[in-house]
Amino acid sequence: MSKDQFKQLFADKAAQAFKATFPEAYAATGEKEVFDARFILEHLEKPKDPSMGRFAFPVFRYAKLLSAKPPDIAAGVVEETNRLLGDDADCTAAAVSGFINVSVDPSELASLTLGNVLSRESHYGDSDFGQNRKYLIEYCSANIAKPYGVGHLRSTIIGNSLRRVYKKLGFEVIGINYLGDWGTQFGKMIVAYRMWGEKVNLEKDAVKQLLELYVRFHDEAKKDPTLDEEARQAFKQLEDGESEAVQLWERLKTISLAELDRIHNMLGVEFDIITGESSVNDKMEPLVERLQKAGLTEISRGALVVPLDDPNLPPCMLKKGDGATLYATRDLAGLVYRWQTYHFYESLYVVGTAQSDYFKQIFKVVSMLEEAENVPETDRMTGRAKHIDFGWVLFEGETMAMRTGKVIFLEDVIDRAVALAREKILEKNPSLDAIDATAHKIGVGAVIFSQFSVRRHKAVNFDWDEVLSFEGETGPYLQYTHARLCSLLRHYGQDITSKIDAALLDNVEERRVVELLADFPEIIEDAARTYDPHVIAAYLLRLAAALNKFYQRKDEKGRIDKIISDNQALSAVRMALVKSVQTVLCEGLYLLGMEAPEEM
RNA sequence: GCCCCCGUAGCUCAGUUGGAUAGAGCAUCGGUUUCCUAAACCGAGGGCCGCAGGUUCGAUUCCUGCCGGGGGUACCA
């Protein structure tokens with residue numbers, strides 16, 4: 001997938017060099033593929049220290065095959081590779097113990113990279129890999145009639161970012177908010193509303209009041225278990241279409257949708273489709289019949305289930321003893337429907353790790369169904385639907401649960417972050433024009449970025465101090481760096497051109513920034529491959545740190561080496577670098593779902 | 001009991017499909033601003049990479065076991 005021309009060039013030459021340097025061993029070996037350019041290209045790695053080279057290839061694995069010591073192999077291959085590359089090549093190899101380190105001519109890399117970024121602008125890093133392929137991404141998936149807790153933030157933020165990442169790689173992406181608007185929980189809400197709902201004022205803070213009803217229901221149900229039974233009956237009434245229950249449901253749904261919309265506008269989160277579990281109501285029965293016809297179902301303890309041929313998974317339940325459907329029934333119906341409708345390349349479910357067994361069940365049922373029906377290989381969706389799981393958000397070491405009312409509302413988090421950002425602006429830059437709008441971008445940015453500071457799988461402890469921190473490895477740090485560059489560009493006032501003398505970028509700070517800029521396209525592919533925007537977040541921190549280092553570098557006399565100086569040619573090339581970093585920071589922040597203010 | 005995730009500096013975490021001296025931020029201490037935005041930069045201290053085996057030329061990374069934390073384990077979602 002990598003299009004790095006230097007890597008490709010080196011891999012080709014090194015492959016030839018191996019064969020030329022060790023002809024007998026190559027002829028004798030049964031493992032010819034490890035001498036192919038393709039193999040070498042795939043096994044290139046990044047040296048620990050950038051000063052050792054742009055990329056490296058370890059040759060230890062050849063020691064046994066060639067009956068030679070790694071340093072000798074490296075030295076021999078390096079000599080031949082450099083000969084093949086020729087004197088005026090832009091990259092040169094060097095043998096360091098068992099490694100072949102390859103350096104790329106810095107000014108060549110600089111003029112190529114800056115030329116690329118300046119000409120493609122926000123499209124730098126775009127790819128056509130995804131052409132004619134579709135991605136479905138389901139995220140947020142909040143439950144109707146419950147407030148937006150920080151627990152849903154992770155799914156929403158990760159999904160929103162992945163949507164942008166896959167679009168950048170050329171896929172057609174459909175972001176779906178598949179709301180929890182069906183199920184026994186609605187039975188609970190209906191019962192609670194019938195009993196205590198007359199006091200609820202739905203005009204104001206409706207969702208928080210609904211939460212109180214929900215919590216109260218759970219409290220009372222502990223004392224009086226018949227309430228749970230009543231809730232199940234109420235849900236059955238809803239599924240049977242009884243008008244009183246349906247009306248109540250519609251009302252709760254309208255309130256909740258407006259609330260969700262409001263929060264997502266605050267966050268800048270986008271969806272292509274907003275739907276819900278209730279939308280698959282008419283698709284469940286055909287699916288159940290299909291599974292029955294395939295001979296996969298059985299009645300167990302009064303319920304309709306699909307036994308799975310995996311000893312570690314319980315059967316997948318399709319219908320409860322009372323005939324009502326479950327989450328799995330709806331998800332399966334939805335998945336099959338989506339496959340038929342979109343023939344997606346992949347379909348991602350951005351849902352917490354707590355449901356990983358559940359998704360294994362769902363995907364298992366699908367593969368068993370396709371197997372039983374002998375679906376042609378090319379028409380199978382098995383392996384294309386994936387659970388993108390993430391660690392749970394804990395608060396003070398405990399899980400947050402709506403049921404117990406132990407919840408932090410997302411809106412409160414955003415409000416506090418924005419207020420703090422506003423304070424900070426008043427303190428640092430009170431003459432700023434759009435203080436409120438900027439404070440919003442920064443506060444929201446801090447909240448969003450906090451979700452990317454940790455790898456997906458790790459459970460995160462919600463920490464007010466951490467989310468409200470604007471220093472160090474934070475969203476506002478990236479935004480600040482971006483704003484600083486914008487300020488420089490305004491100050492410079494001249495056109496940025498790629499007609500520059502890249503050789504003037506001759507100090508390590510500048511070269512490091514160039515190298516990082518050149519890495520951006522690969523970083524996006526990494527994020528896509530691992531389904532984790534954290535990769536981009538970590539990269540942007542490296543880029544911003546390198547930039548700030550360059551920005552504040554000192555000359556031999558200990559004075560700040562200014563970017564804009566009397567030296568016109570030097571200023572021009574440095575400003576081309578500045579413009580390139582600003583472009584990549586802006587685009588990177590966009591991919592994370594954040595805004596990049598020009599002043600702050 | 002069984003299954004999944006996690007265990008790295010005082011704290012929060014990085015560490016690319018195994019690779020060259022294990023890195024950041026926060027916190028602590030000490031520096032940098034006649035100001036191209038100090039929300040920044042520089043420096044210092046701080047590590048049996050949970051424990052024990054195994055595979056390998058090489059293991060923080062892969063495998064097995066154990067310990068510790070979290071989650072899941074059919075009529076919730």
Side-chain angles (χ1 to χ4, degrees), chain A residues 42-43 45-49 52 56 58 60-61 63-64 69-70 96-99 101 141 143 180 182-185 188 228 232 277 300-305 310-317 319-322 324 326-328 330-331 351-358 360-361 389-392 394 397-399 403 421 424-425 427-429 442 453-455 457-461 463 465-466 469-474 476-477 479-481 483-484 486-492 522-523 526 529-530 534-535 538 541-542 544-545 548-549 551-554 558 560 562-565 578 599-600:
Chain A
E42 279 172 8
H43 290 82
E45 40 192 68
K46 210 151 239 170
K48 267 276 172 272
D49 184 338
M52 293 191 280
F60 303 97
R61 74 179 80 246
K64 215 172 257 175
K69 288 178 183 166
V96 179
S97 62
F99 292 89
N101 291 342
S141 309
N143 289 318
W182 209 246
T184 309
Q185 52 166 341
K188 293 177 182 175
D228 281 324
R232 274 192 285 272
E277 291 178 53
S300 168
R301 299 180 215 171
L304 184 69
V305 304
D310 181 332
N312 293 323
L313 292 177
C316 180
M317 189 175 292
K319 282 187 180 179
K320 300 193 275 191
D322 63 2
L326 290 105
Y327 190 43
R330 296 186 280 279
D331 250 356
V351 180
T353 187
Q355 289 177 52
S356 62
D357 277 358
Y358 165 76
K360 277 185 201 156
Q361 287 180 293
D389 61 332
F390 54 85
W392 215 234
L394 307 173
E398 285 183 58
T399 53
R403 257 176 282 200
K424 211 119 191 176
I425 293 171
E427 170 196 327
K428 311 225 176 218
N429 193 4
I442 297 168
S453 59
V454 183
R455 221 165 70 243
H457 293 96
K458 219 157 181 156
V460 291
N461 209 1
D463 186 323
D465 292 340
E466 226 164 87
S469 159
F470 296 168
E471 283 163 28
E473 297 177 326
T474 64
Y477 169 69
Q479 292 171 318
Y480 171 74
T481 305
R484 217 181 195 190
C486 289
S487 167
L488 259 182
L489 288 162
R490 284 192 300 271
H491 187 80
Y492 183 58
E522 261 182 60
I523 293 293
D526 282 353
R529 203 186 58 245
T530 56
H534 162 260
V535 174
L541 288 173
R542 285 198 297 277
N548 281 315
K549 201 163 181 166
Y551 186 97
Q552 275 167 250
R553 83 178 286 270
K554 292 181 177 169
I560 294 285
K562 288 198 174 184
I563 291 169
I564 301 170
S565 67
V578 164
E599 283 181 84
M600 63 187 267

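Keep in mind that this is a model prediction, so the values were computed, not measured. Throughout, a chain's letter reflects where its sequence line sits, starting with A, and its residues are numbered from 1.
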Is the distance from OP1 or OP2 of B/rA14 to the nearest side-chain N or O of A/Arg455 less than 4.0 Å?
yes
Just to be sure I understand the rule, does A/Ser300 reach a base, reach only the sugar-phosphate, or reach nothing, if contact means heavy atoms closer than 4.0 Å?
base
Side-chain heavy atoms of A/Ser453 within contact of A/Glu473, under 4.5 Å:
no
Produce the list of close N/O pairs, under 3.5 Å, pairing protein atoms with atoms of nucleotides 55-59 of chain B; give distances to one decimal.
unit_1, atom_1, unit_2, atom_2, d
B/rC57, OP1, A/Lys64, NZ, 2.6

Among B/rA40, B/rC36, B/rA74, the nucleotide that comes nearest once only the side chain of A/Leu488 is considered:
B/rC36
Have a look at A/Asp331 and say if it touches a base, only the backbone sugar-phosphate, or nothing, with a 4.0 Å heavy-atom cut-off.
nothing
Closest to the side chain of A/Ser487, out of B/rC76, B/rC36, B/rG19, is B/rC36
For nucleotides B/rC13 and B/rU21, find the distance between their P atoms and express it as a whole number of Å.
28 Å
Value rounded to 0.5 Å, distance of CG in A/Asp389 from NE2 in A/His457:
4.0 Å
Need one value for A/Asn548: base, sugar-phosphate or nothing, where a base atom within 4.0 Å counts as base even if backbone is also close, heavy atoms only.
sugar-phosphate
If you check every side-chain atom of A/Lys46, which of B/rU16, B/rA20, B/rA40 has the closest atom?
B/rU16
How is A/Ile425 classified with respect to the nucleic acid when contacts are heavy atoms under 4.0 Å: base, sugar-phosphate, or nothing?
base
Rounding to the closest angstrom, what is the interatomic distance between B/rG69 and B/rC62 at atom P?
23 Å
Tell me what A/Gln479 touches on the nucleic acid: a base, only sugar-phosphate, or nothing, going by heavy atoms under 4.0 Å.
nothing
With a 3.5 Å cut-off and just heavy-atom distances, do the side chain of A/Ser141 and the base of B/rA77 make a donor-acceptor pair?
no
Counting any heavy atom closer than 4.0 Å, what does A/Gln361 reach on the DNA or RNA strands: base, sugar-phosphate only, or nothing?
nothing
Taking the C1' atom of each, how far is B/rA59 from B/rG70, in whole Å?
26 Å
Any chance you could measure A/Tyr327, atom OH, to A/Gln355, atom CD, to the nearest 0.5 Å?
5.0 Å
Those residues at least two apart in sequence (or on a different chain) that pass side chain to side chain donor-acceptor pair (under 3.5 Å) with A/Asp49 are A/Ser51
Kindly indicate whether the side chain of A/Leu541, heavy atoms from C-beta on, has any atom under 4.5 Å from the side chain of A/Tyr477.
yes
Looking for any heavy atom pair under 4.0 Å, which part of the strands does A/Gly391 touch: base, sugar-phosphate only, or nothing?
nothing
What does the list of N/O pairs under 3.5 Å between the protein and nucleotides 62-67 of chain B look like, with a distance for each?
none

Of all residues at least two apart in sequence or in a different chain, which pass the side chain to side chain contact (heavy atoms under 4.5 Å, CB included) check with A/Ser469?
A/Thr474
For B/rC41, does either OP1 or OP2 sit under 4.0 Å from a side-chain N or O belonging to A/Lys549?
no
Can a side chain N or O of A/Lys458 be found less than 4.0 Å away from OP1 or OP2 on B/rU12?
no
Within-4.5 Å side-chain heavy-atom neighbours: A/Gln479 and A/Phe470:
no
Upstream residue (5' side of RNA chain B) when A/Arg490 and A/Val460 are each assigned their closest nucleotide
A/Val460
Does B/rU16 have OP1 or OP2 sitting under 4.0 Å from an N or O in the side chain of A/Arg529?
no
A/Tyr358, nearest nucleotide to its side chain (from B/rC41, B/rA38, B/rA77)
B/rA77
Rounded distance in Å between the P positions of B/rG15 and B/rA24
15 Å
Between the base of B/rA40 and the ring of A/Tyr477 - centre-to-centre under 5.5 Å, planes within under 30° - is that a stack?
no
Answer yes or no: does a side-chain N or O of A/Arg542 lie under 4.0 Å from OP1 or OP2 of B/rA14?
no
Decide yes or no for A/Asn548 and A/Arg484: does some side-chain heavy atom of the first lie under 4.5 Å from some side-chain heavy atom of the second?
yes
Wobble G-U and Watson-Crick pairs count when both distances are under 3.5 Å; given that, what is the 5' to 3' dot-bracket string of RNA chain B, with | for pairing to other strands?
(((((((..((((.....[...)))).(((((.......))))).....(((((..]....))))))))))))....
Nucleic acid footprint by protein, nucleotides 21-34 of chain B - heavy-atom cut-off 4.0 Å, B for base, S for sugar-phosphate alone:
---BSS-----S--
By the 4.0 Å heavy-atom rule, please label A/Ala324 as base, sugar-phosphate, or nothing.
nothing
Taking N and O atoms by type only, does the side chain of A/Arg301 place a donor or acceptor under 3.5 Å from a partner on the base of B/rA74?
yes
Select from A/Asp322 and A/His534 the residue whose nearest nucleotide in RNA chain B is closer to the 5' end of that strand.
A/His534
Expressed in whole Å, how much space separates the C1' atoms belonging to B/rA9 and B/rC76?
42 Å
Report which part of the nucleic acid A/Tyr551 touches: base, sugar-phosphate, or nothing (heavy-atom distance under 4.0 Å, all strands).
base
Candidates B/rU8, B/rC3, B/rG15 - which lies nearest the side chain of A/Asn312:
B/rC3
Would you classify A/Pro311 as touching base, sugar-phosphate or nothing, given that sugar-phosphate means primed atoms plus P, OP1 and OP2, and contacts are heavy atoms under 4.0 Å?
nothing
Would you say the side chain of A/Met52 lies within less than 4.5 Å of the side chain of A/Val96, judging by non-hydrogen atoms?
no
Touch class at under 4.0 angstrom, heavy-atom based, for A/Val454 against every strand present
sugar-phosphate
Mind checking if A/Ala483 touches a base, just sugar-phosphate, or nothing, with heavy atoms under 4.0 Å?
base
Return the nearest nucleotide to the side chain of A/Ser356; candidates are B/rA14, B/rG72, B/rC4.
B/rC4
Taking the same atom, P, in B/rG46 and in B/rU33, what whole-Å distance lies between them?
28 Å
